[in-house]
Structures are given as structure tokens and as C-alpha cells.
Amino acid sequence: MDHTIAAIATPYGEGGIGIIRISGEESKKILSEIFRPATEKPLVPRMLNYGHVHHPETGEILDEVLAVFMKGPGTYTAEDVAEIHCHGSIVALRRVLTLVLERGARLAEPGEFTKRAFLNGRLDLVQAEAVIDLVKARSDKGFDVAIHQLEGSLSREVSRIRDQLMDLLVQLTVNIDYPDEDIEEMTYDSLKKRLSQIGDEIENIVSTADTGRMIREGISVAIVGKPNVGKSSFMNALLRESRAIVTDIPGTTRDTIEEYLNIRGIPIKLTDTAGIRQTDDRIESIGIEKSKEAFNRADLILFILDGSQEISREDREIMELLQERKALVLINKEDLNQKITYQNVAEFLPGARILHTSTATGSGLQEVEAVLEDLVYGGEVKQTDSLLVSNVRQKDLLVRALSFIRDGGVQAEEGAALDFIEIDVKCGWELLGEIVGETVTDTIIEEVFARFCLGK
Ligand code: GDP
């Protein structure tokens, strides 16, 4: 049996309460040694018990707490679990944790509670990853996707496809090993059809990955434009409209400024660049380098023009850089006399979305939000929130599985030996197994759980 582990499960800092979590065979023993119920009655399992944590040898009282003991396997880790709800100061938590460790527990590694849930078969790997996403979710949508995954939506779909591959594999093996027996014969035609249909199903799941990534990590939008077109005003207007999640990096006017917004449930990282200009000023150059970097990393460039002025040489230079990029152009200051038309911009940037806005009156801002939302959902995948691939690991495995299945299809088309096709199907089946954690190596498990925070 593994060692009993313990950790502080709540964030550091002041709070109403802080929780110490203990998991493993020794949980009950440790809790009963250090917790003294106020009523002198024995600890009632699965109920919060009021009392004190005291040092078993000195009798010193460490904190006034609520404690609960839950017998496995009906717990988060599927092991015996104890929780001690202390006062939320780091002093109380450290004292109690130290005592728990002295009594025989070992400090848990990040993600170790969830890793145990996985190793004990209570969660598959997709579900374990969903736990990380839940803890780190920055938007309602990101949270919803994670909840669906925790509930098993992606795992079920992947398992269903794996079952089909296993059926196929069994049939192939029988045909290879017992070609003379009286069994349902596989034609290359039927094989090709089944592989093509399974390939399409995998492809469907893969197609949700970009949306999944954007919902989880947010999309990064760089705001560019020459000085005084209204970049900061626009950023502030959006910030007022949406709920800002974090305000990162204060920056200066010469630096880039980053803000996180939550627009229609999607996290958006806005980077206001200092303006892309040639300059001899060294400090300014750093700002401009950063702008170009932000520009290159962004999913979308939001280019702002001052509609009350003619398009200048500087505007044109920026538009040159935008030729190859996904861009949204705002012809701002719509409330003033307009010197730029939609057509003027469309001539330079035929592929861009162009909107008229005024950060002064707020007009056009709703449209900007709608375009950002469209960008994430790309139109057609909008209704499939419940089934989204949300990380690179899952996507990579799906893509690799898909290429084996497609290759199998080609082999069937060409009438290759069944053994070759069997190898493709088997590889596809194994790779899909890695997604849910059925055919997975220790290294991968280590990597997945290393992304967790302490106490989860
Ligand atoms: P930035 O240098 O691109 O960040 O531009 P600012 O946001 O600092 O705006 C420059 C000036 O234009 C400020 O005086 C703003 O009040 C003004 N401004 C920004 N947007 C609008 C707008 O939509 N209409 C009008 N009339 N003025 C605006």
C-alpha cells in the first residue's frame, strides 16, 4: 500500500477557513490521534465533527477545527480520506500540517490526490486532466467544458471508437489466423468503408480542438494602430463592458499592456501594443520589439484607424504587415466627421472584417464582441460545447491515431495483406487508449500530474 499523503488543499493567504487533506491507510489513525471532538463522543464518519487539534504528547491545542473522516473507496482518491478544516491563516495550517506529517504522513506532491484517483480507477486520464482545467478555469465556458469532460463526455466518445476498432481487430485476426474456417469473410470493400467511417468520427473530434483550446486558454488579441487612434480608449471600453478577470503586467506607455477579459464566456487576452514604428530611441525600440512579438503571437490582430483622419503612410505600413494575418479593422471615432470609408480599407485588406466604432459613444462594441465569439466557434461547432478536445496531448494522440486509420484505409483500397491493415488498426486503438489512460506509460502519467497544484 502507498504511503499516506497530506497537503494544504486551499490557497495560501488569509481566508475564513483552510483545509488540510489526508489520504491513505493511516488517515483515520492520524486524525484520531490529533483531533479531540468537543463532545467526547467518537468521531462520526462522513460528518463534520467539531473539536480541537491538539498535540497528542504535550496536549497543546493547535487550532479549533471541524474534521471529517471518509472511508474509501467512495472518496475522491478512492482511499480513506480525512479533512481538517482549520482557521484560514497560514500559521494554523502549517502547525496542523506539521503535526500530521510528524504522525506518519508524507507531504503530497502536486496533483497526487488526483493521480491516486486515476491509479485507483476512479477517474480516467481525460477526467483527471479535466480536474486541472476546473481548478485553473478562467471563464464560465472553460469551466463548463471541463465539467463535461469530468463527467466523461470525451472519454465515452473515445471509448466508443476504440470498441469499434477492437471489433475490427478481432475480425481481422480471425480472418488472418483461420482463413479456411467458416467465418464471416471480410471484403476489402467493407473494410475500407468501416475504416473510412471510423476515420471521419475521429476527424470530427479533432476538429473541436481549436475551439477547445481557445475556450480553455483564451484567445490572444493584439491591438495595433498608430498613436491617438483610440487603442487605450477601446481597451477601457471593453473592460467596462466585460468582467476583467486579471489585470496583468502594468507596463508603461512604451511597453505592451496586457489585460484579460471575459467576453461572452470566452477568456480573451488583449495586448495593447505601443504602436509599430521605426525609432532610434532605445527604450522605445524595446517597446516596439515587444509589440511585434505580441503581434506575431496573437490569434487575431485588431487594427484601429482614426476615421476622422485620412489614411496615413503609417496606417498603410501597418496594413502591409496585416496582409497575411487574420485581422479585424475598426474605423474608430465614428461620432466625428468621417474621412475613411469601408471601401478605403477593403481595398487594402480584402480578407479582413471591418467595423465602424466609436469608443466615445460605445457604438459598434457589441459587433466587435460578436466577431470575437465567431472566431472561437468558427460558426459550425458552436453547439458541441459538451464534447471538446481541450489540450494538446489529446489532440496529438487523436491526430496520430487518425493517420493510422487513414493509412489502413489506403492499404485496404490497394488490397494489401490483412496483416498490414491489422497493424494500423492496432496502433490507432492503442493511441486512443493513451487519451483515456488505458495504454499509457509512467512518464506520461508523471507529465500530466506535474501540471497540478499542491493539495489537488
Ligand atoms: P491611443 O493612443 O491609440 O491609445 O489613443 P487613446 O485611446 O489614448 O485616444 C486618443 C484620443 O482620442 C483621446 O483624446 C480620446 O479621448 C480620443 N478618442 C478615442 N476614441 C474616440 C472616439 O471614438 N471618438 C472621439 N471623438 N474621440 C475618441
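Any value given below was found using the heavy atoms of this structure, including those in side chains, with hydrogens, waters and symmetry copies removed. Counting starts at 1 for both ligands and their atoms, following the listed order. On a predicted model such as this, the values are computed, not experimentally measured, just so you know.
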Should R393 and E434 be marked as a salt bridge (charged side-chain N to carboxylate O under 4.0 Å, His left out) after you check the CA-CA gap, both sets of side-chain angles, and the distance that decides it?
CA-CA 9 Å; R393 188 189 75 87; E434 277 189 42; 5.5 Å; no
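Distance check, rounded to the nearest 0.5 Å: CG of D396 to CG of L431 gives 8.5 Å.
Considering only non-hydrogen protein atoms, atom 27 (N) of ligand 1 sits nearest to K333 CD, 3.8 Å. For atom 4 (O) of ligand 1, the closest heavy atom belonging to the protein is S232 OG, 2.6 Å. Summary of contacts: the protein heavy atom closest to atom 23 (O) of ligand 1 is T359 N, 2.9 Å. At the shortest separation from atom 3 (O) of ligand 1 among protein heavy atoms lies K231 N, 2.8 Å.
For atom 13 (C) of ligand 1, the protein comes within 4.0 Å by no heavy atom at all.
When non-hydrogen atoms are compared, ligand 1 lies under 4.0 Å from neither the backbone nor the side chain of I304.
Using a 4.0 Å cut-off to heavy atoms of A360, the atoms of ligand 1 that qualify are 22 (C), 23 (O), 24 (N), 25 (C). Near D335, meaning under 4.0 Å from one of its heavy atoms, ligand 1 places the atoms 22 (C), 23 (O), 24 (N), 25 (C), 26 (N). Taking every heavy atom of N228 and a limit of under 4.0 angstrom, the matching atoms of ligand 1 come to 1 (P), 2 (O), 3 (O), 5 (O), 10 (C), 12 (O). Heavy-atom contacts of L336 reach the following atoms of ligand 1: 26 (N) (cutoff under 4.0 Å). Near P227, the atoms of ligand 1 lying under 4.0 angstrom from a non-hydrogen atom of the residue are 2 (O).
More than 12 heavy atoms of other shown residues, nucleotides or ligands fall within 6.0 angstrom of atom CD in E102.
E367 is not listed as a side-chain neighbour of H356, based on a closest heavy-atom distance of 4.5 Å or more. Counting only heavy atoms from C-beta outward, the side chains of C427 and D424 never approach each other to under 4.5 Å. For the pair L154/I205, a side-chain contact is recorded, criterion being any heavy-atom separation below 4.5 Å from C-beta on.
Evaluated for a side-chain contact (heavy atoms from CB on, under 4.5 Å) with K333, the options L336, I331, N337 yield exactly one hit, L336. Partner of L305 under the side-chain contact (heavy atoms from CB on, under 4.5 Å) criterion, out of T357, I318, V345: V345 alone.
The residues R325 and D299 are annotated as not salt-bridged, no charged nitrogen and carboxylate oxygen being separated by less than 4.0 angstrom.
For the pair S233 and ligand 1, the shortest N or O to N or O distance falls below 3.5 Å. Checking only distances, G230 does come within under 3.5 Å of ligand 1, N or O to N or O.
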